[in-house]
Amino acid sequence: MSERPVGPETRVTLHFALKLEDGSEVDSTFDKEPASLNVGDGNLPENFEQYIHGMTAGQRETFEVPPENAFGQHNPSNVQTFKRSEFGPDMVLEPGVMISFADKMQGELPGVVDHVEGDQVTVDFNHPLAGRTLTFEVEIVRVEPAHTTH
């Protein structure tokens, strides 16, 4: 039986771990059921998919992923300041609190309160992992055709 490599039109079952520079874990499937996805379905960001292309079942690799291949660099223009009165009177506004905003297309846009000073609330809309170099550890469990017929 030939070992099918990860690539277009394949379904991949894998274990993965995502870690920060200090080794702390952001997410991992190594201690639970492996994840399954079709290559290109968006479940794994495209930049992360590129790392596993060509891997076969049984392979385990660790990659260092720079910010530009992960969640981008921290963009100062994604940090916005609002007036306290623009939020509901009962809303808790303190650093680290995530708030959901609606973007121009009425899609959900999460922001995290950076700091509150007087009547000014500063909200960071960058991805929480923006600007971070990540360690992406992956073990391929199974690779099969994406379109299986039963």
Side-chain angles (χ1 to χ4, degrees), residues 5-57 59-144 146:
V6 174
E9 298 185 17
T10 58
R11 180 161 183 79
V12 184
T13 301
L14 54 80
H15 278 293
F16 74 90
L18 209 52
K19 298 176 184 171
L20 300 176
E21 300 95 323
D22 65 6
S24 59
E25 210 166 72
V26 175
D27 195 7
S28 175
T29 64
F30 281 102
D31 57 353
K32 47 191 175 214
E33 287 296 308
S36 291
L37 57 102
N38 287 335
V39 172
D41 69 2
N43 277 316
L44 191 63
E46 185 180 340
N47 288 333
F48 286 94
E49 274 190 3
Q50 291 173 5
Y51 286 98
I52 66 170
H53 273 244
M55 291 180 70
T56 56
Q59 269 191 294
R60 185 172 182 152
E61 298 284 340
T62 301
F63 305 98
E64 189 170 282
V65 184
E68 51 275 10
N69 287 349
F71 297 97
Q73 293 290 354
H74 188 272
N75 184 344
S77 66
N78 288 342
V79 178
Q80 306 283 320
T81 301
F82 299 89
K83 288 193 181 328
R84 174 67 178 96
S85 58
E86 293 180 57
F87 300 94
D90 298 334
M91 186 172 275
V92 175
L93 296 172
E94 55 190 42
V97 171
M98 186 191 283
I99 302 172
S100 186
F101 293 80
D103 62 16
K104 289 182 180 119
M105 307 299 285
Q106 295 307 305
E108 189 178 354
L109 181 64
V112 176
V113 176
D114 187 54
H115 65 275
V116 181
E117 192 173 317
D119 188 37
Q120 303 290 303
V121 179
T122 305
V123 180
D124 189 343
F125 290 99
N126 284 288
H127 188 283
L129 297 174
R132 306 293 291 265
T133 295
L134 303 172
T135 299
F136 178 47
E137 185 178 345
V138 63
E139 180 180 359
I140 305 298
V141 175
R142 187 169 53 250
V143 182
E144 54 200 352

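At a threshold of 4.5 Å between non-hydrogen side-chain atoms, the residues Leu134 and Phe48 count as touching. Proximity of Glu61 to Glu139: side-chain heavy atoms (C-beta onward) are nowhere separated by under 4.5 Å. With contacts defined as side-chain heavy-atom distances shorter than 4.5 Å, the pair Val112/Val97 does not qualify. The shortest distance between side-chain heavy atoms of Asn126 and Val79 falls below 4.5 Å. Taking the side chain as every heavy atom from C-beta outward, Leu93 and Ile99 approach each other to under 4.5 Å. The shortest distance between side-chain heavy atoms of His53 and Val39 falls below 4.5 Å. The side-chain heavy atoms of Leu14 and Pro34, taken from C-beta on, include no pair separated by under 4.5 Å.
Using cut-offs of 30° and 60° for the angle between ring planes, the Tyr51 and Phe63 rings count as tilted.
Taking CZ of Phe16 as the reference point, atom CD1 of Ile140 lies at 11.5 Å (rounded to 0.5 Å). Between atom CZ of residue Phe136 and atom CG of residue Asn69 there is a gap of 12.0 Å, rounded to the nearest 0.5 Å. The distance from the OG1 atom of Thr81 to the CD atom of Gln120 is 6.0 Å, given to the nearest 0.5 Å. Taking CG of Asp22 as the start and CZ of Arg132 as the end, the distance is 7.0 Å to the nearest 0.5 Å. For the atom pair OG of Ser36 and CG of Asp41, the computed distance is 10.5 Å after rounding to the nearest 0.5 Å. With rounding to the nearest 0.5 Å, the separation of OG1 in Thr10 from CZ in Arg142 is 12.5 Å.
In terms of modelled atom types and a separation under 3.5 Å, the side chain of Asn43 and the main chain of Leu37 share no donor-acceptor contact. For His15 (side chain) and Thr29 (main-chain N/O), a donor-acceptor pair under 3.5 Å exists by modelled atom type. No donor-acceptor pair under 3.5 Å is formed between the side chain of Glu68 and the backbone N or O of Val65.
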Pair Val116, Thr122 - check side chain to side chain contact (heavy atoms under 4.5 Å, CB included), show working. CA-CA 6 Å; Val116 181; Thr122 305; over 6 Å; no
Mind running side chain to side chain contact (heavy atoms under 4.5 Å, CB included) on Val113 and Val121 for me, showing each step along the way? CA-CA 7 Å; Val113 176; Val121 179; 4.3 Å; yes
Would you check, one step at a time, whether the test side chain to side chain contact (heavy atoms under 4.5 Å, CB included) holds for Asp124 with His74? CA-CA 10 Å; Asp124 189 343; His74 188 272; 3.0 Å; yes
Take Glu137 and Arg60 through the side chain to side chain contact (heavy atoms under 4.5 Å, CB included) test and state the conclusion after the steps. CA-CA 7 Å; Glu137 185 178 345; Arg60 185 172 182 152; 2.5 Å; yes
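Here Phe101 and Phe125 bring their ring centres to under 6.0 angstrom of each other.
Nearest heavy atoms, Thr56 versus Gln59: N-OE1, 2.8 Å. Residues Gly40 and Glu49 share a closest heavy-atom pair of N-OE2, 2.7 Å.
Checking His127 against Asn78 by side-chain atom types alone, no donor-acceptor pair falls below 3.5 Å. With 3.5 Å as the limit, one finds no donor-acceptor pair spanning the side chains of Glu21 and Thr133.
Glu64 CD: 12 or fewer foreign heavy atoms inside a 6.0 Å radius.
A salt bridge is defined here as a Lys NZ or Arg NE, NH1 or NH2 lying under 4.0 Å from an Asp or Glu carboxylate O, and Arg84 with Glu86 fails to meet this definition.
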